[in-house]
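Source: prediction; values computed, not measured.
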Amino acid sequence: MTDLTLTPGALTLDQLLAVHAGGTRLVLDEAARPAIRASAAVVQAAAAGDAPVYGVNTGFGKLANQRISAADLATLQLNLIRSHSVGVGEPLAPAVVRLMLATKAASLARAHSGVREVVIDTLLAVFNAGLVPLVPSQGSVGASGDLAPLSHMTLALLGEGEFLVDGQRRPAAAVLAEAGIAPLVLQAKEGLALINGTQTSTALALHGFFSFEPVLESALVIGALTVDAARGSDGPFDPRIHALRGQPGQIDVAQYYRSLLAGSAIRQSHTEGDDRVQDPYCLRCQPQVVGACLDQLRHAALVLVREANAVTDNPLVFPEDGAMISGGNFHAEPVALAADAMAVAIAEVGAIAERRMAMLIDASVSRLPPFLTSNAGLNSGFMIAHVTAAALASENKSLAHPASVDSLPTSANQEDHVSMATFAARRLQPMIANVAHILGVEWLAAAQGIEFLRPLASSSALEEAHALLRRHCAPMLTDHYLAPDIERAGALVREGALSGIFRALPDLPALWTPV
């Protein structure tokens, strides 16, 4: 178990990745505690006063004009959590819930939410015990906070919800008791502070971002392998071309391809006796397409790290002058737009991979045997494997439709424009799975194409990628049951089996700059 100091406002992408992966213990920076106490004192004073303060001594949403007596303030917060725990659907993955716990603690620890230290300490205790509150995945529109999912998370902290233990649902009170954690008892504003905020949508978007990293690295390696299988030119990767355009992702992706193809005897063979003038776009425009996707993903990372460090509940407390100000930081539009951009980028990485695979089986373009089989007609080869890739690429086109342009008013039109950020981020996982399978099909096809070019060898990096696949999937010398091979290849892509090959390339720019 590695200790990670939680310094409010200073979480980095690498730290969020460590939280996502598990095996990390969070320790609150002690320097944050005086400000947390000062913020809580402002709320306690408001609760003891006569003036109506939203979320402290009033109802919520459309009921904000309803005054609550001092004797009922604790009940108000408890009822808020109970009534808002209305989610449905499959439970969120443990990695997502870990990010929710960590980012909610980080947000509250910035001392603008008015909660006591015990609230933050309980969040961290649950996280450090490895407990996973059961949080249904559906039921948030990404405005007024991720109310339902964060309520389910909070309900578990109160001992009234449920935890997932070894995949089984268990009552929260028993799980907390076994871990030696006292159930949290809420005071004024604390329930609202726990469920207002964008921590679920942000966690889901980060989950998508981290899940896609090995798939993107695989796409680069497999894309380069396809270039060699089709005896494509490395001219389109010349750095001078990309410097003239000046797009950073495009420049970096071209460099990745030059490094992956360096030393290939197949590539060298293309320079003589080949009458083709230009390669199809799916080969020569990879830096332009995948590079643009990389730029979108890099921007999304910046937005998501900002959001993970943000204070997004309401009202906000300013201890320096005792002010409590209502605003709208709970509106998750930045996350929604970032997730939509990620979805388009993910879909495009899969779309160009499907086109590369289609090119490989087209003998008139690739100049390989039709459908990558030596006895076409008797054997269908990769004909229908490509249909699977096409089906998945088409499915991703529908899934890539922007969620952020949709809005359904809620709370009797008090909350009249919402972000849909939670769905925008949640739908990334099926899209990533689709791309992984498309790349699995392409990897199988490209490896087969390379074998038709023997005894010529590819570069050392690409020969390693070829050998890795062959340790799990045999060549398709004649038609055989191909679905298990596609599953294995797709799983290798998602698990990051090719990431080691990509990351071992010397002197390459990092996919993500530190944020």
Under 3.5 Å, is there a donor-acceptor pair between the side chain of [X] and the main chain of [Y]?
| X | Y | value |
| --- | --- | --- |
| Arg98 | Val132 | no |
| Arg427 | Ala424 | yes |
| Asn128 | Arg25 | no |
| Glu348 | Ala345 | no |
| Ser459 | Leu260 | yes |
| Asn196 | Ser144 | yes |

With heavy-atom distances below 4.5 Å as the criterion, would you say the side chains of [X] and [Y] are in contact?
| X | Y | result |
| --- | --- | --- |
| Glu354 | His386 | yes |
| Leu92 | His207 | no |
| Val19 | Phe127 | yes |
| Ile352 | Cys282 | yes |
| Ser380 | Thr373 | no |
| Leu439 | Arg356 | yes |
| Leu302 | Thr513 | no |
| Leu372 | Met476 | no |

Distance-only polar pair, side chains of [X] and [Y], donor-acceptor under 3.5 Å:
| X | Y | value |
| --- | --- | --- |
| Thr202 | Glu307 | no |
| Ser233 | Asp279 | no |
| Glu451 | His466 | yes |
| Ser499 | Glu217 | yes |

Just wondering, are more than 12 heavy atoms of other shown residues or ligands nearer than 6.0 Å to [atom1] in [X]?
| X | atom1 | value |
| --- | --- | --- |
| Phe452 | CZ | yes |
| Arg240 | CZ | no |
| Arg245 | CZ | no |
| His480 | NE2 | yes |

Quick check for you: to the nearest 0.5 Å, what is the distance between Leu508 atom CG and Phe502 atom CZ?
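Here the rounded value is 6.0 Å.
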Reported CG-to-CD1 distance for the pair Leu492 and Ile222, which is rounded to 0.5 angstrom:
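Here the rounded value is 9.5 Å.
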Could you report the tightest heavy-atom contact between [X] and [Y], atom names first, then the distance?
| X | Y | value |
| --- | --- | --- |
| Ser107 | Ala310 | OG-O, 3.0 Å |
| Pro280 | Met359 | CG-CG, 4.1 Å |
| Pro402 | Val405 | O-CG2, 3.4 Å |
| Pro287 | His242 | CB-CE1, 3.6 Å |
| Ala300 | Met342 | CB-CG, 3.6 Å |
| Leu453 | Ala229 | CD1-O, 3.6 Å |

Determine whether Ile438 and Val441 satisfy the following criterion, side chain to side chain contact (heavy atoms under 4.5 Å, CB included), listing intermediate values before the conclusion.
CA-CA 5 Å; Ile438 293 168; Val441 172; 5.9 Å; no
May I ask you to decide whether Glu464 forms a salt bridge with Arg471, counting only side-chain N to carboxylate O separations under 4.0 Å?
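Salt bridge absent between Glu464 and Arg471.
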Give me the ring orientation class for Phe209 and Trp512: parallel if the planes are under 30° apart, tilted from 30 to 60°, perpendicular past 60°.
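Tilted: the ring planes of Phe209 and Trp512 meet at 30° to 60°.
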Look at the aromatic rings of Tyr257 and Phe237 and report parallel, tilted or perpendicular, splitting at 30° and 60°.
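Correct class here is parallel.
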As a quick check of understanding, evaluate side chain to side chain contact (heavy atoms under 4.5 Å, CB included) for Leu101 and Leu131, giving each step before the final call.
CA-CA 10 Å; Leu101 290 164; Leu131 303 182; over 6 Å; no
Dump the intermediate steps for side chain to side chain contact (heavy atoms under 4.5 Å, CB included) on Leu216 and Val290, then the final yes or no.
CA-CA 9 Å; Leu216 179 58; Val290 181; 4.0 Å; yes
Apply side chain to side chain contact (heavy atoms under 4.5 Å, CB included) to Val335 and Val303, showing your working.
CA-CA 7 Å; Val335 180; Val303 172; 5.6 Å; no
